[in-house]
Amino acid sequence: MGTAAAGGGCGARRWLPWLGLCFWAAGAAAARGADNSEVLPDSIPSAPGTLPHFIEEPEDAYIIKSYPIALRCKARPAMQIFFKCNGEWVHQNEHVSEESLDESSGLKVREVFINVTRQQVEDFHGPEDYWCQCVAWSHLGTSKSRKASVRIAYLRKNFEQDPQGREVPIEGMIVLHCRPPEGVPAAEVEWLKNEEPIDSEQDENIDTRADHNLIIRQARLSDSGNYTCMAANIVAKRRSLSATVVVYVNGGWSSWTEWSACNVRCGRGWQKRSRTCTNPAPLNGGAFCEGMSVQKITCTALCPVDGSWEVWSEWSVCSPECEHLRIRECTAPPPRNGGKFCEGLSQESENCTDGLCILGIENASDIALYSGLGAAVVAVAVLVIGVTLYRRSHSDYGVDVIDSSALTGGFQTFNFKTVRQGNSLLLNPAMQPDLTVSRTYSGPICLQDPLDKELMTESSLFNPLSDIKVKVQSSFMVSLGVSERAEYHGKNHSGTFPHGNNRGFSTIHPRNKTPYIQNLSSLPTRTELRTTGVFGHLGGRLVMPNTGVSLLIPHGAIPEENSWEIYMSINQGEPSLQSDGSEVLLSPEVTCGPPDMLVTTPFALTIPHCADVSSEHWNIHLKKRTQQGKWEEVMSVEDESTSCYCLLDPFACHVLLDSFGTYALTGEPITDCAVKQLKVAVFGCMSCNSLDYNLRVYCVDNTPCAFQEVVSDERHQGGQLLEEPKLLHFKGNTFSLQISVLDIPPFLWRIKPFTACQEVPFSRVWSSNRQPLHCAFSLERYTPTTTQLSCKICIRQLKGHEQILQVQTSILESERETITFFAQEDSTFPAQTGPKAFKIPYSIRQRICATFDTPNAKGKDWQMLAQKNSINRNLSYFATQSSPSAVILNLWEARHQQDGDLDSLACALEEIGRTHSKLSNITESQLEEADFNYSRQNGL
């Protein structure tokens, strides 16, 4: 009845006897079928007047994949505990409950579990997450726990932002951003460096707390590496793309070294100091130091003055010892600035009685004795002198060489005749200026080869000799097998050669297999290429074919009514210029003469070089040999000078000079990137053994004359060029050169053991001083029927450039394909005189000079002409010339002797605005007419 009453007291609500509570009907209808529930069994009585207290409340949980999660509640005192999820009661059958007694308080403790599946969470569609709550009952009332949300855990694959690689300077800040993939629960971020975790607590310089970003406050070299962002939650782990961080160091200059000593002992010179990009050295792609590594300043060294004696003083009064004195002082001038003190005695003494001093002579008999001895000595001396003069007058013979057949070959004897006073020249009275003959011959003269005959006829030895005399040291006959000593003396005649006296000239061709001129002791071992030509007022051009060396004599450089035989030669022997320190010889030694010839206008000398031109890597100098055989620096190519001018092109240097002599180019590498150009070529020939074949690989300076020397040697040995030569860029980085033979056909050819690869030290290549460098490889055929050879020659510098020469040839001479040594000749005629030697017609040249030598208010004068022809440096040199435009055009002629690109010159003139017609449009008839009129004006 109490139950019914209680149920009637609920009114519109529904009484749940198993709960002892009233619920709204709607709530009860939704409460998992309360009318089907059973009344809970009797339980341990609770203390009256106590509300349930939750010892453990349900926690937020995440469903991973398809695994259900368990929610639990624990309360005391509690008669019942039920879960309510998303506002609905969970059925009693889904609860798992446990009951116990708290020993300390004696109160009833109840613990309840339920499982929530992935399907339940996915089927719920509400404004908030799926949630569950515990409700506990006691006699006094109910208590509710916190709401625990249940969510499905996941982690997407793609990062919202991957970290990006960075290049930062040392001590700069590095910030790498990372936004992990979306996930529930939110992913935790961890950073890896080179696959190793980063612990920001161990390194105060690193911070990873700011919104998943990695911050390195001051970058260190050790911070370079690959960085990866790792995102992970309870579901999975994800890796970002790796970001490469490079910490670089920009180069810094070291301190300047002390200034070097002045490079000249006397006069005006230069000092230099240097610094290196090592403070710090650039690392990891850091920028190289900006600025110059070498500085130069001019200096003036006080010239040492050697001391010189004053004149002797007067003799002093005769002393009691029968002597008088005189003195002199080293004051005319006194030695200064380290000069030498005077050599010799500062005091002299002599007998002042002509040896008749009677001091110590006691009687007259002693005087008579000494007088007799003196007379005897005088008589003997007179007799000896007389005999000597008599013998010399009867044995002093001189001869004139009158038999010229010695120049035509074979062993010849000399005919001699007595020298006559006032004898005229027997050969040609015209004598090349400043060519002095002073040679000593020992042994028979063997004249065999026409080539060397040409050398003899063009040298100062035989062409022509003005008054050749042979001083016979003993009685002899010049014949085969008789070796005596003779001295040849030739007089040096100065002056000019008359018009029309054009002596024969040519270059010395490579030696062939015919015999050649020998002289065992007198002829110098150094050989040279040489050519000559006679030039007058009209000027001309002297070219050494296939060498890149040429000489341009401008019009008017030689006074009118004068002619000079001008010669030019190239030293092909051991260079006389010995490089100092890191200095390298970059060109041949070129001699032009005669040395005492004076010109009124600078001439242009073109010298080839082998440097890869760059002012950042090379310091190139022009040097000249003095009469004493020493080399002095004329100027640096980058210097400003009014005495001469150097224009450096990629393969040649054009020099404007006022005096003849021997010149050469040297280079001082400033950095390891300085490049020397080498020409590599391979030659081949059969050996004495019919099964052997020799390959010779040459590496020479990239100058035509250096390669021509190799060609000459190979022709003499019967060699054949097997492949077109190629250029190799050899760096000054101290790494050696390797030459190897590759891809030799097996079963047809074999190479001698341990010779397939050869290495040449760096110093041998870098400072070769133009001497040909070659490596030989010996190959052997298995059978005589093998006639074809194919292989590769690899020439490479370690950590540098590499070239491959492909050899494909027949070893039979009849089947061999000929490869030309030179693409074209420099000039058909080594010497060209008059207007035909110049590309610009004389009449056009005169108009250009007249126009540009006159200053213009608009500035379109010779300076603009120089600028349009890429002449932008050392313009002060042209300002000192009487006709700057003429000198600029001379330089243009020297640079364009091969192409003669008049169109480019005309375009330059049109840009300036001084002419509106191209020089290249001038017809042949106009050129001939201009040359004819010019010749008439000059009396030709």
Side-chain angles (χ1 to χ4, degrees), residues 59-65 128-129 149-255 275-293 616 671-673 799:
E59 299 290 339
D60 295 339
Y62 297 93
I63 295 178
I64 301 173
K65 297 183 180 179
E128 55 185 355
D129 292 334
S149 62
V150 179
R151 305 173 67 186
I152 298 175
Y154 68 92
L155 183 62
R156 300 194 183 279
K157 292 185 178 180
N158 297 326
F159 278 73
E160 295 183 6
Q161 182 178 3
D162 287 302
Q164 302 295 319
R166 296 284 305 278
E167 292 184 1
V168 295
I170 194 168
E171 298 184 356
M173 178 178 285
I174 303 175
V175 179
L176 298 180
H177 298 280
C178 176
R179 293 176 59 189
E182 179 186 352
V184 174
E188 297 291 334
V189 171
E190 180 185 24
W191 283 92
L192 303 179
K193 175 191 174 185
N194 298 330
E195 303 303 325
E196 295 292 333
I198 297 175
D199 189 356
S200 60
E201 294 182 359
Q202 298 292 332
D203 192 345
E204 297 180 353
N205 194 39
I206 298 178
D207 185 7
T208 58
R209 296 170 296 178
D211 195 21
H212 309 307
N213 296 331
L214 174 65
I215 300 175
I216 301 177
R217 297 182 180 89
Q218 287 187 329
R220 301 156 296 191
L221 288 176
S222 59
D223 293 325
S224 297
N226 296 320
Y227 289 81
T228 307
C229 182
M230 290 287 297
N233 63 4
I234 60 176
V235 179
K237 289 184 178 181
R238 300 284 186 259
R239 289 173 58 96
S240 70
L241 297 176
S242 294
T244 300
V245 173
V246 177
V247 180
Y248 62 86
V249 179
N250 292 325
W253 288 114
S254 65
S255 300
R275 56 181 179 175
T276 57
C277 189
T278 56
N279 187 31
L283 290 175
N284 298 336
F288 197 80
C289 304
E290 295 183 358
M292 298 297 293
S293 62
E616 298 178 357
T671 68
D672 288 347
C673 296
K799 296 187 179 181

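Taking CG from L176 and CG from N213, the interatomic distance works out to 8.5 Å, rounded to the nearest 0.5 Å. Of the inter-residue distances, the one linking I174 atom CD1 with S224 atom OG reads 7.5 Å to the nearest 0.5 angstrom. A distance of 11.0 Å separates OG1 in T244 from CD in Q164, rounded to the nearest 0.5 Å. Of the inter-residue distances, the one linking M173 atom CE with R217 atom CZ reads 7.5 Å to the nearest 0.5 angstrom. Note that CE of M230 and CD of E188 are 13.0 Å apart. Values are rounded to the nearest 0.5 Å. Atom CD1 in I206 sits 12.5 Å away from atom CD in E201 (nearest 0.5 Å).
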| query | Going through the distances and angles, do Y227 and I198 end up as a side-chain contact (heavy atoms from CB on, under 4.5 Å)? | reply | CA-CA 10 Å; Y227 289 81; I198 297 175; 3.7 Å; yes
| said: Between S240 and T228, does the side-chain contact (heavy atoms from CB on, under 4.5 Å) criterion hold? Intermediate values first, please. | reply: CA-CA 6 Å; S240 70; T228 307; 4.0 Å; yes
| field | Evaluation steps, salt bridge (Lys or Arg N to Asp or Glu O under 4.0 Å), between K237 and E190 | value | CA-CA 10 Å; K237 289 184 178 181; E190 180 185 24; over 6 Å; no
| Given V189 and T208, is the side-chain contact (heavy atoms from CB on, under 4.5 Å) satisfied, shown in steps? | CA-CA 9 Å; V189 171; T208 58; over 6 Å; no
| task | Any chance you could lay out the side-chain contact (heavy atoms from CB on, under 4.5 Å) test for I216 and N205, step after step, and finish with the verdict? | result | CA-CA 6 Å; I216 301 177; N205 194 39; 3.5 Å; yes
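For N250, there are no side chain to side chain donor-acceptor pair (under 3.5 Å) partners two or more places apart in sequence or in a different chain.
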Only distances under 3.5 Å count here; give the side-chain donor-acceptor pairs of residues 151-158 to other protein atoms, sequence neighbours excluded, each with its distance to 0.1 Å.
from: Y154; atom 1: OH; to: E182; atom 2: OE2; distance (Å): 3.1
from: R156; atom 1: NE; to: E182; atom 2: OE1; distance (Å): 3.3

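Of the possible polar contacts, none joining the R166 side chain to the V247 backbone as a donor-acceptor pair under 3.5 Å is found. Within the 3.5 Å criterion, the main-chain N or O of N279 finds no donor-acceptor partner in the side chain of S254. At distances below 3.5 Å, at least one donor-acceptor pair connects side-chain atoms of N194 with backbone N or O atoms of N226.
The two atoms that bring F159 and R238 nearest to each other are CZ-O, 3.6 Å, heavy atoms only. In plain terms, the two heavy atoms of N233 and P185 that are nearest each other are ND2-O, 3.0 Å. Residues S149 and D60 share a closest heavy-atom pair of N-OD1, 2.8 Å. The shortest heavy-atom contact between C178 and W191 is CB-CZ2, 3.5 Å. Of all heavy-atom pairs spanning P282 and A287, the tightest one is CB-O, 3.7 Å. Nearest heavy-atom pair, L241 versus D162, reported as atom, atom and distance to 0.1 Å: N-OD1, 3.3 Å.
Under the side chain to side chain contact (heavy atoms under 4.5 Å, CB included) rule, P180 has a single partner from Q161, E160, H212, which is H212.
When side chains are defined from C-beta on, L214 does not count as touching P163, because their heavy atoms never get closer than 4.5 Å. Using a 4.5 Å heavy-atom cutoff, the side chains of L192 and P197 are in contact.
Among residue pairs with one or both ends in residues 218-234, those qualifying as salt bridge (charged side-chain N to carboxylate O under 4.0 Å, His left out) are D203-R220, R220-D223; sequence neighbours excluded.
For E204, the CD atom sits in a loose shell: 12 or fewer heavy atoms of surrounding residues, nucleotides or ligands are nearer than 6.0 Å.
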